[in-house]
Structure formats: structure tokens, C-alpha cells
2 protein chains.
Amino acid sequence: MKDQCIKVQQTEEDIKALQDTIYVIGGKWKLPIIHSICNGNNHFKEIERSIPGITTRMLSRSLRELEDNKLITRTVDPNVPTLVEYEFTEYAKEYGVLINEMIRWGKHHKKMIIGQL
Amino acid sequence: MKDQCIKVQQTEEDIKALQDTIYVIGGKWKLPIIHSICNGNNHFKEIERSIPGITTRMLSRSLRELEDNKLITRTVDPNVPTLVEYEFTEYAKEYGVLINEMIRWGKHHKKMIIGQL
DNA sequence: CGGTATCCTCTCTGATACTG
DNA sequence: CAGTATCAGAGAGGATACCG
């Protein structure tokens, strides 16, 4: 395989950008939540049920952070106050490819590590 | 923009794969370290100097975790015990694209969020 | 349904000092 | 140079109960 290094000269800006990325989508639940919403789960309980092990507290917190970062939108039905819709933003959709890459990586990596043992 | 959702049906395996990925490259320093090594910094001090704010403790710990996950190799020169080479593995190189994507995302995201304020 | 409040634990991270 | 040891603080995450 050729040496396909990331970049010849790193900049401090790159480092910070990486840290930002990790911060925004990092933690245990953010990506699973994005993934869940993207796959058609738009209500709190739907999302909760689709992610094994998550608690209402962590879901609530994570949703707010994702909203702050404009990756999802939260819309309350004015007629039905208990009806809330979470949606993946157009902005976030631009990164579907990246998320898919991460899923691929995770699966591949698991196989690789297990294969070593 | 078309609706380019991630995947039509999510699986529990996908969720776990995402969590694995976040786990392996997550935290504050992993990606910056990978990036640094990939850009030609192969010694402990070199890496340390290239990443603003990192401490020897966190660098040491993160390097070991990356090594456990086969993303880097650690080689001690048998003749010079104080000379250690850290190298990006061929395995890890497969993911250079992903890391670059994350850098791009981070930069884009920052501009976007700042633009909103 | 869609959450919030409280408490608790455990890990991550930082600061500092020290070692072969 | 290449780390380890120790201590301390902050924050992530979990359990449980409760609210409009």
C-alpha cells in the first residue's frame, strides 16, 4: 500500500478542528442519536427505544447539545404541546457520508481486533 | 438538497459500531495524536510539542490506547533504549480519509456556528 | 408523551514532581 | 529522551423519582 498520509504539514488549526469534531459528535450517545433520527425516529420515546441502554436523562441532554450545534431541530406542535418532532437538519445531512464511514470503521475495527486475539 | 439519509434501516450493530468508533478515536487527544504522527512526528517529545496543551501524562496514556487498538506501533531502538519510534500503521492509514473528513467538518462547523452568533 | 431533578459514581483530564 | 506516580478537580454517565 502506498503511503497515503493525511497531510504534509499539520497546522494548529487542524488540531483544533479535530478536537471540535470530537467534541460535537463525541461522547457515548451523540452519534447513535443522530443515526436514529436520521433513520426515521422523530419522537423522544422512539429514539429512546431505538437506542439500547440510553436513559431519558442522557437522551435529553444529548438532544439539547445536538440542537445547540444545529445538527437537529426540535419542533413543538403548537396544537399538541406534548408532540415534539426532532429532525436531522440539512446541514447535518452533509455529513451522512462521514457517519457512514464511522460505522464502517467501527465494524471493520472490531473484526480486526477480535481477529488478533 | 435531496434527502440523503444515512441508511434506511438502522441496526443495533450499527449503533454499537458507532460507539466503538467514538470510543477508539474519542477523547480530547487521540485524533490530534494520530494526526501528528501521520505528519512526521515520531518521537514522544516531537508529538508533545506539536500538540498545544497536551501533558506528558495524557500523551503517554493515549499513545498506549492507540497502540492497543493497532493504530500506531511503538518501537524501541535496541541500541538506544531512550529512542522510541511511534508510527502510524498501515491499518490506520486506511482511515486517513476519514480523519481528513473530520478536520474538514470541524472547520466548516466552527464557521457555521460562529456565523450564527 | 416528553421530559426535569437529584444524587451518586467513575472516568477523564490536568498539575506537578520524579525516574532511568 | 521517554516516560511514571500521585493527587485533585471537573464532567460524563447511570439510577431513580417525579412533573405538566
Original post:
Do B:I25 and A:Y23 share a hydrophobic cluster (ILVMFWY, side-chain heavy atoms under 4.5 Å, transitive)?
Top reply: no

Subject >> Separation of C:dG20 C1' from B:D77 CG (nearest whole Å) >> reply: 17 Å

Original post:
With sequence neighbours left out, what residues match B:K28 under salt bridge (Lys or Arg N to Asp or Glu O under 4.0 Å)?
Top reply: none

Original post:
With sequence neighbours excluded, what pairs up with B:H108 under the ring-ring contact (aromatic ring centres under 6.0 Å, His included) test?
Top reply: A:Y91, A:Y95

Original post:
What's the CG-C1' distance between B:L59 and C:dT16, to the nearest Å?
Top reply: 17 Å

Original post:
Would you say A:H43 reaches C:dG2's phosphate, i.e. side-chain N/O to OP1/OP2 under 4.0 Å?
Top reply: yes

Original post:
Could you give the CG-to-P distance, from B:L83 to D:dA2, as a whole number of Å?
Top reply: 6 Å

Subject >> Residues which pass side-chain contact (heavy atoms from CB on, under 4.5 Å) with A:T82, listed by chain and number, not counting sequence neighbours >> reply: A:V80

Original post:
Atom CD of B:E48 and atom P of D:dG3: how far apart are they, to the nearest Å?
Top reply: 11 Å

Original post:
With sequence neighbours excluded, what pairs up with A:K110 under the side-chain contact (heavy atoms from CB on, under 4.5 Å) test?
Top reply: A:I114, B:D20

Original post:
Rounded to whole angstrom units, what separation is found between the CZ atom of A:R74 and the C1' atom of C:dG3?
Top reply: 8 Å

Original post:
Taking protein heavy atoms under 4.0 Å as touching, what does nucleotides 4-20 of chain D look like 5' to 3' if B marks base contact, S marks sugar-phosphate-only contact and - marks none?
Top reply: B-B-----SBBB----B

Subject >> For atom OH of B:Y86 and atom C1' of D:dC1, their distance in whole Å >> reply: 11 Å

**OP:** Check salt bridge (Lys or Arg N to Asp or Glu O under 4.0 Å) between B:R104 and all other residues, then give those that pass, not counting sequence neighbours.
**Re:** B:E101

Original post:
Should B:K16 and B:E13 count as an ion pair when the cut-off is N to O under 4.0 Å?
Top reply: no

**OP:** Kindly write out the residues that satisfy side-chain contact (heavy atoms from CB on, under 4.5 Å) with A:E85, not counting sequence neighbours, or none if the list is empty.
**Re:** A:N42, A:H43, A:T75, A:E87

**OP:** Starting from P on D:dA2, measure out to CD1 on B:I51 and report it in whole angstrom.
**Re:** 14 Å

Subject >> A:E48: partners by side-chain contact (heavy atoms from CB on, under 4.5 Å), with sequence neighbours left out >> reply: A:F44, A:K45, A:I54, A:T56, A:L59

Subject >> Relative orientation of the end axes in the helix from C:dC1-D:dG20 to C:dG20-D:dC1, expressed as an angle to the nearest 10° (five pairs per end) >> reply: 50°

Original post:
Expressed in angstrom and rounded to an integer, what is the separation of A:I47 atom CD1 from C:dC1 atom C1'?
Top reply: 13 Å

